[in-house]
There are 2 protein chains.
Amino acid sequence: MVRQREFDKEKALDDAMELFWEKGYAATSISDLTATMGIQRPSLYATFGDKEKLFEAALRKYTNLHASLIRKKLQNTTSVKEAFRNLFEEMIEEEYKNKVSKGCFCINTIVELAPHDEKFEILTREHEMYLSVIFQETLLKGIKSGELESNLDVKALAQTLVVALIGVTVLLKSHPERSFVDKSVTLILSLIK
Amino acid sequence: MVRQREFDKEKALDDAMELFWEKGYAATSISDLTATMGIQRPSLYATFGDKEKLFEAALRKYTNLHASLIRKKLQNTTSVKEAFRNLFEEMIEEEYKNKVSKGCFCINTIVELAPHDEKFEILTREHEMYLSVIFQETLLKGIKSGELESNLDVKALAQTLVVALIGVTVLLKSHPERSFVDKSVTLILSLIK
DNA sequence: ATCATTTAATACCATTCGGTATATTATACT
DNA sequence: AGTATAATATACCGAATGGTATTAAATGAT
């Protein structure tokens, strides 16, 4: 090996992630990518393969970051109910703050690519399943601590929270009245007893 | 007027709707459209304007059909609870039946276009709001008939059902285990008391 | 200092993109 | 029957697409 790479591979991948996240797969061109990543076109192909490979790498990076972020937010407090409430509220707050709402990269990919590419169907499904496992663990902790009722159907509730999270994330992209989503989140969270 | 159009405009629009619904806006090319619609390229532009206009017309047609379909399904029974259960279950059944799951054209558009085009943000938002109104009316009927508790927060519940419908529709595109979505739908529907 | 090697940069490739100009064909009205 | 009109069909447009071949530049090892 002789000449060393001038750009930071992880930083470039981060930039690609942000762009795919915002614009989706089809609407993002290689020129868009190289401009955002600050690298030359042949460097992109040499480093990441092709457009689809780069997208997959970006999505994998996202799901890892996203899962650990969710996990962290759910650990960060003593009350499980409050933890879930904070999780939803922070997401809502975040989405109303930014001018263009990117939503969730994984959800965007479910909608755009999962039905047409089994690779992404599997990748995105496994992420959602993983989220429901994190939710289950959190709920179990709440039962053990005595905060939640012991006869709670933890699995069903965790899966419902995933469905609700997806629903809210998508709906937020159409910028509904704040009260709309607030009310439904409150009602959903009332299932955590 | 002299020579008459050889193709059926509504039929062509239907075909365009199906294609945009399945593939999204960016991934659908004019050539795809003319092939599916069975018309020539200049006929498409003469009749529908351009790609975006055609997409908008297709989406408007979809939202109208979708709203009346939902309305019809919710009217079709005596029990409101059962009506909602049927609504969700039929959608799930439908999605597992087809090889490629198209989901909901409106939801697909929220994810792909709403954040980047205010026209579609408004159009899709209004459709979701309209669905929640249909849900509200249905719930109110249930209260009047004595089936549902009179102290039910109809608005919040209707909005929650919209969120859940969106969540389930999106999640189905990743083909999760059937029990996953069944369980969460059951739990969501338990909110209708 | 030279040389092999890997990077970066420019330029280019065929193909496809959305959108039209042009020419041809078919019909309702005079 | 002839003509005006509008729909068809073919061919084409410049621009942008994803992807590379080629050249120039930079660095570690000898």
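Note that the structure is a prediction, hence the values are computed from the model and not measured.
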Check: Can a salt bridge be assigned to the pair Glu18(A) and Lys102(A) using a cut-off of 4.0 Å between side-chain N and carboxylate O?
Finding: yes
Next item on the list: May I ask you to say whether Lys97(A) pairs ionically with Glu93(A), meaning some side-chain N is under 4.0 Å from a carboxylate O?
Entry: no
Notebook entry, point to check: In residues 108-116 of chain A, which residues come under 4.0 Å of DNA chain C by heavy atom?
Noted result: none
Notebook entry, point to check: Over how many whole Å does the gap from Phe48(A) atom CZ to dG19(D) atom C1' extend?
Noted result: 16 Å
Grab the N/O contacts between the protein and nucleotides 9-15 of chain D below 3.5 Å, and write none if there aren't any.
from	atom 1	to	atom 2	distance (Å)
dA9(D)	OP2	Gln40(B)	OE1	2.5

Note to self: I'd like to check the salt bridge (Lys or Arg N to Asp or Glu O under 4.0 Å) partners of Lys183(B); sequence neighbours left out, ordered by chain and number.
What the structure shows: none
Next item on the list: Only pairs at least two apart or in different chains count here, so list each salt bridge (Lys or Arg N to Asp or Glu O under 4.0 Å) that has a residue in residues 126-147 of chain A.
Entry: Arg71(A)-Glu137(A)
Margin query: Just to be sure I understand the geometry, which residues of residues 16-35 of chain A put a non-hydrogen atom under 4.0 Å away from DNA chain D?
Written below: Thr28(A), Ser29(A), Ile30(A)
Notebook entry, point to check: Does the pair Lys119(A)/Glu52(A) count as a salt bridge with the N-to-O cut at 4.0 Å?
Noted result: yes
Check: Between the two ends of the helix from dA1(C)-dT30(D) to dT30(C)-dA1(D), what is the bend in degrees, rounded to 10 degrees, where each end axis spans five pairs?
Finding: 10°
Notebook entry, point to check: Taking the nucleotide of DNA chain C with the closest heavy atom to each, which residue, Lys51(B) or Phe7(A), is nearer the 5' end?
Noted result: Phe7(A)
Check: What pairs meet the salt bridge (Lys or Arg N to Asp or Glu O under 4.0 Å) rule with one or both residues in residues 55-64 of chain A, with sequence neighbours excluded?
Finding: Glu10(A)-Lys61(A), Asp14(A)-Lys61(A), Glu56(A)-Arg60(A)
Next item on the list: Round to a whole Å and report the spacing from OH of Tyr45(A) to C1' of dT7(C).
Entry: 18 Å
Sequence neighbours left out, cut at 3.5 Å: what donor-acceptor pairs do the side chains of residues 185-193 of chain A make with other protein atoms?
from	atom 1	to	atom 2	distance (Å)
Thr186(A)	OG1	Asp182(A)	O	2.9
Ser190(A)	OG	Leu187(A)	O	2.5

Margin query: Looking at Glu121(B) and Lys173(A), is any side-chain nitrogen of the basic one under 4.0 Å from a carboxylate oxygen of the acidic one?
Written below: no
Checklist line | d(NZ, Lys53(B); C1', dG18(C)) in whole Å | finding: 14 Å
Item checked: Ile122(B): hydrophobic cluster co-members (side-chain, 4.5 Å) -> none
Next item on the list: Round to the nearest Å and state the distance from Leu44(B) atom CG to dT8(D) atom C1'.
Entry: 14 Å
Notebook entry, point to check: Leu113(A): which other cluster members, linking ILVMFWY side chains closer than 4.5 Å, directly or transitively?
Noted result: Phe7(A), Leu13(A), Met17(A), Leu19(A), Phe20(A), Trp21(A), Tyr25(A), Ile30(A), Leu33(A), Met37(A), Ile39(A), Leu44(A), Tyr45(A), Phe48(A), Leu54(A), Phe55(A), Leu59(A), Tyr62(A), Leu65(A), Phe105(A), Phe120(A), Leu123(A)
Note to self: Under the rule for ring-ring contact (aromatic ring centres under 6.0 Å, His included), what residues qualify as partners of Phe84(A), not counting sequence neighbours?
What the structure shows: Phe135(A)
Next item on the list: Working to the nearest 0.5 Å, report the span between CZ of Arg125(A) and CG of Leu172(B).
Entry: 12.0 Å
Check: Taking only residues two or more places apart in sequence or in another chain, which ones pass salt bridge (Lys or Arg N to Asp or Glu O under 4.0 Å) with Glu82(A)?
Finding: none
Notebook entry, point to check: Roughly how many Å is it from CG in Leu54(A) to C1' in dG19(D), rounded to a whole number?
Noted result: 14 Å
